Amino acid sequence: MGGQVYLERMDPEAWAEALRRERYRAAVFPVNHEADDGIVNAYAHEAAKRDIVLAEVGAWSNPISSDPAARRQAIATCIKQLELAERVGARCCVNIAGSRGEQWDGPHPDNFSDETFALIVDTVREIVDAVKPKRTFYTLETMPWVFPDSADSYLALIRAIDRPGFAVHLDPVNMISSPRTYYRNGEMIRDFFAKLGPYIKNAHAKDIHLSGHLTVQLHEVVPGRGALDYRTFLTELSKLDPDVSLIIEHLSTNEEYREAAAYIRGEAKGLRMDLGS
């Protein structure tokens, strides 16, 4: 498990030592491809020295943008970040598929069209083929308003893309977009692992709360304050490669991260699991 650490002074040794203090055994690689080689090597070295798994390199951009210039720039970014992930030995390089709208990570009427599915396939192939990764994988985070939004749509993408360098990044909260799934999210999680378990390289940890106001309002919350079935989530994760990472995300303070980590560790302890320390 891993999470963010907020520091007054950010450097490789301080970063790695802060992760150790929080008992995190995994981390998001903290710099991008524009960093100096010495800085990249130093972060990778400090992680290796403390046996910290580099869970992911982010490639957050919109490679299916309807703006051709923005699309090309995003694809270039994804290629560079995948090269970085390959270089440092991260488990994956992760992005979302993107969006056909102005908001790079937002909804759009065309996001679930056959044309967009085909565009995602072509885009991922272009990125993976440019790098041909051997140590890492390019992955798409599951999302509520663009492919992949379910186990079935992710499986369809894997089959269509047909590249060994493409794999799965799981965020179960992002697939909860209705009260039906909210109350049965354990079933959704089990179904996802049954269909995609061998492809999963990394996962995100957060939580979700359904309010009682019309219309449907779902809000992301700190793990433990919502309804995500963490016992099922952790049980299914435990069946995979021991280096599959669970990264807590989107919190604002070290205190919130500690609250989230304590909750998840408590659920793991109840299942007699060890998340690393």
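These numbers were taken from a predicted model, which means no experiment stands behind them.
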Side-chain (Asn202) to main-chain (His169) donor-acceptor, under 3.5 angstrom: no
Answer with yes or no whether the hydrophobic clustering places Ile247 together with Tyr263; edges join I, L, V, M, F, W, Y residues whose side-chain heavy atoms lie under 4.5 Å apart. no
According to a 4.5 Å side-chain heavy-atom criterion applied to Ile, Leu, Val, Met, Phe, Trp and Tyr, with indirect links allowed, do Val53 and Met273 form part of one hydrophobic cluster? no
Verify the cluster assignment for Val28 and Val173: are they in a single hydrophobic cluster under the rule of side-chain heavy atoms below 4.5 Å apart? no
Are Ile120 and Leu140 side-chain neighbours, meaning at least one heavy-atom pair lies under 4.5 Å? yes
Close side-chain approach of Arg265 to Lys269, heavy-atom, < 4.5 Å: no
Please identify each residue that fulfils ring-ring contact (aromatic ring centres under 6.0 Å, His included) with Tyr199, with sequence neighbours left out. none
With side-chain hydrogen bond (donor to acceptor under 3.5 Å, both in side chains) as the criterion, how do Gln103 and Asp105 come out once you've worked through the C-alpha distance, each side chain's angles and the decisive distance to 0.1 Å? CA-CA 6 Å; Gln103 181 181 333; Asp105 60 349; 3.0 Å; yes
Electrostatic pair Glu17:Arg20 at N-O distance under 4.0 angstrom: yes
Arg225: what forms a salt bridge (charged side-chain N to carboxylate O under 4.0 Å, His left out) with it, not counting sequence neighbours? Glu259
Side-chain heavy-atom pair Glu141, Trp60 within 4.5 angstrom cut-off: yes
Side chains of Ile52 and Tyr24: does their closest heavy-atom pair fall under 4.5 Å? no
Would a hydrophobic clustering, with Ile, Leu, Val, Met, Phe, Trp and Tyr connected at side-chain separations under 4.5 Å, put Phe137 with Leu170? no
Under 3.5 Å, side-chain donor or acceptor atoms of residues 36-44 against the rest of the protein: list the pairs with distances, not counting sequence neighbours.
from: Asp37; atom 1: OD1; to: Arg87; atom 2: NH1; distance (Å): 3.2
from: Asn41; atom 1: OD1; to: Arg87; atom 2: NH2; distance (Å): 2.9
from: Asn41; atom 1: ND2; to: Asp37; atom 2: O; distance (Å): 3.2

Evaluate the side-chain proximity of Thr139 to Val168: yes if any heavy-atom separation is below 4.5 Å, no if none is. no
Can you find a pair of side-chain heavy atoms, one from Leu246 and one from Leu275, that are under 4.5 Å apart? no
Is the shortest heavy-atom distance from the side chain of Val244 to the side chain of Arg91 under 4.5 Å? yes
Selection residues 115-137 - residue pairs positive for salt bridge (Lys or Arg N to Asp or Glu O under 4.0 Å), sequence neighbours left out: Arg72-Glu126, Asp129-Arg163
Does Asp171 have any salt bridge (charged side-chain N to carboxylate O under 4.0 Å, His left out) partners at least two apart in sequence or in another chain, and if so, which? Lys206
Student check: side-chain heavy atoms of Phe192 and Met175 closer than 4.5 Å: yes
Under 3.5 Å, which donor-acceptor pairs link side chains of residues 213-222 to any protein atom two or more places apart or in another chain?
from: Glu220; atom 1: OE1; to: His250; atom 2: ND1; distance (Å): 3.2
from: Glu220; atom 1: OE2; to: His250; atom 2: ND1; distance (Å): 3.0

Once rounded to the nearest 0.5 Å, what's the spacing between atom CG of Asp191 and atom CZ of Arg184? 13.0 Å
